[in-house]
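Next up is a structure, given as structure tokens.
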Amino acid sequence: PWHRTAVTLHGSVRYFATSQTDDVWVSVDAGRNWRVALTGAQDDWFRALTTDGDRHFLIGDYNAYRSDDRGQTLVVLPRPPGPPYRTSTVVWLGDDLYMGNTVGGAFRSTDAGATWEDVSDGSWEAVTGFARVGDQVLVATDRGVFAGSSQRRTGFRWLPRALLSRPVEA
């Protein structure tokens with residue numbers, strides 16, 4: 001049987017994965033024409049995606065995928081940390097990618113998804129979203145909303161107290 005997920009980006013780019021052939025299909029014209037963008041992908045479900053101009057980043061159950069040309073080509077990357085099936089959100093914030101999941105916290109990539117660092121603070125587990133406000137990154141978690149920032153000398157740090165101290169659901 002065909003298992004599939006269709007995802008719409010920028011109104012015209014769509015991705016589709018199938019477990020029957022382990023292919024990822026792409027349409028750049030709102031679904032009128034489809035072509036195989038990647039074979040042997042081993043994913044039949046996309047858990048999260050984000051875009052930033054021509055850059056697209058998708059997370060499947062087993063792999064991550066990046067396109068730097070608005071879906072024309074896809075590159076397979078190692079899946080970000082955390083258990084499969086648990087990715088809840090991924091977002092480009094400036095030049096960094098942030099990924100959260102429901103049982104493993106928050107991760108940041110400064111190299112377009114090639115490597116990841118754990119930026120969880122240890123007091124929360126489930127992450128439902130990220131946003132940027134000025135130079136701060138906000139994370140919505142099972143323990144509330146927290147703000148953090150990246151400093152050159154000290155690395156990434158979360159402020160010690162929640163801005164909102166109740167769980168935030170997606």
Side-chain angles (χ1 to χ4, degrees), residues 1-120 126-140 148-150 156 170:
W2 282 53
H3 299 275
R4 60 193 177 275
T5 300
V7 178
T8 303
L9 305 173
H10 297 301
S12 64
V13 179
R14 290 171 168 71
Y15 292 97
F16 171 91
T18 173
S19 62
Q20 185 173 14
T21 60
D22 288 333
D23 294 335
V24 176
W25 293 71
V26 66
S27 169
V28 295
D29 58 7
R32 287 188 293 280
N33 297 290
W34 290 87
R35 66 174 178 73
V36 174
L38 189 67
T39 59
Q42 300 176 339
D43 275 303
D44 60 351
W45 200 262
F46 294 129
R47 299 288 169 180
L49 67 114
T50 186
T51 64
D52 179 37
D54 289 345
R55 299 185 303 176
H56 298 177
F57 190 83
L58 297 92
I59 296 177
D61 287 336
Y62 303 104
N63 295 300
Y65 308 90
R66 188 184 71 234
S67 173
D68 295 319
D69 55 10
R70 205 171 166 264
Q72 295 297 322
T73 58
L74 285 174
V75 175
V76 179
L77 300 169
R79 192 183 186 295
Y85 312 111
R86 301 296 186 169
T87 301
S88 57
T89 185
V90 64
V91 64
W92 289 102
L93 296 177
D95 289 330
D96 297 342
L97 267 171
Y98 289 84
M99 189 273 295
N101 62 48
T102 59
V103 293
F107 302 89
R108 177 178 73 154
S109 174
T110 58
D111 56 11
T115 61
W116 295 86
E117 81 177 293
D118 187 339
V119 293
S120 303
V127 173
T128 57
F130 292 96
R132 180 177 291 282
V133 176
D135 64 347
Q136 291 191 324
V137 173
L138 302 181
V139 61
S149 64
S150 182
F156 195 89

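The model shown is predicted, which means the values in this text are computed figures rather than measured ones.
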Query raised in the report: Is the side chain of T89 donor-acceptor paired with the backbone N or O of G100 at a distance under 3.5 Å, no angle test?
Result: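 No.
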Requested in this report: Identify the two heavy atoms, one from G94 and one from R55, that lie closest to each other, and give their separation to 0.1 Å.
Outcome: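 Heavy-atom minimum between the residues: O-NH2, 3.4 Å.
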Query raised in the report: What distance do T128 atom OG1 and N101 atom CG have between them, rounded to the nearest 0.5 Å?
Result: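 Going from OG1 on T128 over to CG on N101, the span is 11.5 Å.
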Report task. Please identify each residue that fulfils side-chain contact (heavy atoms from CB on, under 4.5 Å) with T115, with sequence neighbours left out. Result ->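 If we apply the side-chain contact (heavy atoms from CB on, under 4.5 Å) test to T115, skipping adjacent residues, the hits are D111.
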Requested in this report: Taking all heavy atoms of G113 and all of S109, pick out the closest pair and write down the distance.
Outcome: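 So the minimum-distance heavy-atom pair works out to N-OG, 2.8 Å.
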Query - Spatial distance of atom OH (Y98) from atom OG1 (T50) [nearest 0.5 Å] - result: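 Reported to 0.5 Å precision, the distance equals 12.5 Å.
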**Report entry** CG-NE2 distance between D69 and H56, expressed to the nearest 0.5 angstrom
**Finding:**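 Reported to 0.5 Å precision, the distance equals 8.5 Å.
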Query raised in the report: With Q136, which residues qualify under side-chain hydrogen bond (donor to acceptor under 3.5 Å, both in side chains), at least two apart?
Result: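 With neighbours one apart ignored, the set is empty.
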**Report entry** Exam field: side chain R132 to backbone L93, donor-acceptor pair closer than 3.5 Å
**Finding:**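 Indeed, once roles are kept as given, a pair shorter than 3.5 Å links the two residues.
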**Report entry** Rounded distance (nearest 0.5 Å) linking atom CG of L97 with atom CD1 of I59
**Finding:**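 Nearest 0.5 Å value for the CG-CD1 distance: 8.0 Å.
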**Report entry** Euclidean distance, E117 CD relative to T110 OG1, rounded to 0.5 Å
**Finding:**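 So the gap between those two atoms works out to 7.0 Å.
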**Report entry** Least distance between heavy atoms, S120 atom then G105 atom
**Finding:**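 The answer is OG-CA, 3.2 Å.
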Query raised in the report: Taking side chain as C-beta onward, heavy atoms only, is V76 less than 4.5 Å from Y65?
Result: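 Yes - at least one pair of side-chain heavy atoms lies under 4.5 Å apart.
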Report task. Work out which heavy atom in R35 is nearest to a heavy atom in T73; give both atom names and the distance. Result ->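 Looking at all heavy atoms of both residues, the shortest contact is NH2-N, 4.3 Å.
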Report task. Can you see which heavy atom on S67 is nearest to which on Q72, and at what distance? Result ->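 Smallest heavy-atom distance, with atoms named: OG-N, 3.9 Å.
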Query raised in the report: If you measure from OG1 on T51 to CZ on F57, what distance do you get to the nearest 0.5 Å?
Result: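 If we round to the nearest 0.5 Å, T51:OG1 and F57:CZ are 13.0 Å apart.
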Requested in this report: Please name the pair of heavy atoms, one in T102 and one in A126, separated by the smallest distance, quoted to 0.1 Å.
Outcome: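 That closest heavy-atom pairing would be O-CB, 3.6 Å.
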**Report entry** Full working for side-chain contact (heavy atoms from CB on, under 4.5 Å) between L58 and L49
**Finding:** CA-CA 4 Å; L58 297 92; L49 67 114; 4.2 Å; yes
**Report entry** CG/D95: more than 12 non-hydrogen atoms of other groups inside 6.0 Å
**Finding:**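 No, the 6.0 Å shell around CG holds no more than 12 heavy atoms from other groups.
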